[in-house]
Amino acid sequence: MAPITALAACPLALAVYADAESEAGIDFRPTMDSATVTNSFKMVLDKGVVLDGIVMWTDGVARPHGSLMYKCPTGDVTGDELAACTVWEGVVYSSDDKGNIALLPAEGVDAPKTLIFPDLGPSLQMSAAYGASGFSKVPWDVFLLKGCQE
């Protein structure tokens, strides 16, 4: 693993996080100049289950609203189709090494030490991605920075 100083210089768009409880991981990806999506990532669970994640900032009281989706259709999809494949939604929080809580920053900012996805585990356990044909280890809500992609 890279030294802590190297991790502090990692932009969020290239950050890699892991959950200590279930070995789940998060790999951020650049958003490719999206007008609405401020962060993109993949969450990898056990048994090779991959969830697609996006973050969009809300209007009014600005918050980074995250969504995790499982096997969503591609192309022109309806709101009902997106709702059916969304397995978690909520505000994504971050924390520094002193425990100060903040909102998830935009992808160009240095990656925070910790990410918090409130109620992630219970939401995923009730989803179609969980069970005999999906993942079996439920992640905790907290993910720690583990490295930076090249």
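Counting begins at 1 with the first residue of the sequence.
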For Leu115 versus Ser94, what's the shortest heavy-atom pair and its separation? CD2-CB, 4.3 Å
Same cluster or not: Ile116 versus Leu103, using hydrophobic residues (I, L, V, M, F, W, Y) connected whenever any side-chain heavy atoms lie under 4.5 Å apart? yes
Quick check for you: to the nearest 0.5 Å, what is the distance between Thr38 atom OG1 and Leu104 atom CG? 6.5 Å
Give, for atom CG of Leu145 and atom OG of Ser95, the distance between the pair rounded to the nearest 0.5 Å. 12.0 Å
Whether the side chain of Thr86 engages the backbone of Trp88 through a donor-acceptor N/O pair (distance < 3.5 Å, no angle test) should be reported. no
Salt bridge (Lys or Arg N to Asp or Glu O under 4.0 Å) partners of residues 35-49, not counting sequence neighbours, each pair once: Lys42-Asp52
Are Val37 and Trp57 linked, directly or through intermediate hydrophobic residues, by side-chain heavy-atom contacts shorter than 4.5 Å (ILVMFWY only)? no
Of all pairs that satisfy disulfide bond (SG atoms under 2.5 Å apart), the ones with a partner from residues 27-95, not counting sequence neighbours: Cys72-Cys85
Residues joined to Val77 in its hydrophobic cluster, side chain to side chain under 4.5 Å directly or through other members, sorted by chain and number, are Leu82
Let me have the donor-acceptor pairs involving side chains of residues 11-29, under 3.5 Å, with sequence neighbours excluded, atom names and distances please.
unit_1, atom_1, unit_2, atom_2, d
Tyr17, OH, Pro112, O, 2.6
Asp19, OD1, Glu21, N, 3.2
Asp19, OD2, Ser22, N, 3.0
Asp19, OD2, Ser22, OG, 2.6
Asp19, OD2, Trp140, N, 3.3
Ser22, OG, Ala24, N, 3.4
Arg29, NH1, Gln149, OE1, 2.8

Rounded distance (nearest 0.5 Å) linking atom CE of Met56 with atom OG of Ser40: 10.0 Å
Leu144 with Ile101, same ILVMFWY side-chain cluster at under 4.5 Å: yes
To the nearest 0.5 Å, what is the distance between CG on Asp96 and NZ on Lys113? 9.0 Å
Quick check: is Met69 connected to Val49 through a chain of hydrophobic side chains (ILVMFWY, heavy atoms under 4.5 Å apart)? no
State, without any angle test, whether Glu107 and Thr31 hold a side-chain donor-acceptor pair at a distance under 3.5 Å. yes
Assigning hydrophobic clusters by single linkage (Ile, Leu, Val, Met, Phe, Trp, Tyr; side-chain heavy-atom cutoff under 4.5 Å), is Leu68 placed with Tyr70? yes
Inter- and intrachain pairs under salt bridge (Lys or Arg N to Asp or Glu O under 4.0 Å), touching residues 57-76, at least two apart: none
N/O donor-acceptor pairs under 3.5 Å from side chains in residues 117-124, not counting sequence neighbours:
unit_1, atom_1, unit_2, atom_2, d
Ser123, OG, Asp119, O, 3.0

So how far is it from Tyr130 OH to Ser136 OG, rounded to the nearest 0.5 Å? 7.0 Å
side-chain contact (heavy atoms from CB on, under 4.5 Å) between Val87 and Leu51, worked out: CA-CA 9 Å; Val87 296; Leu51 306 177; 4.1 Å; yes
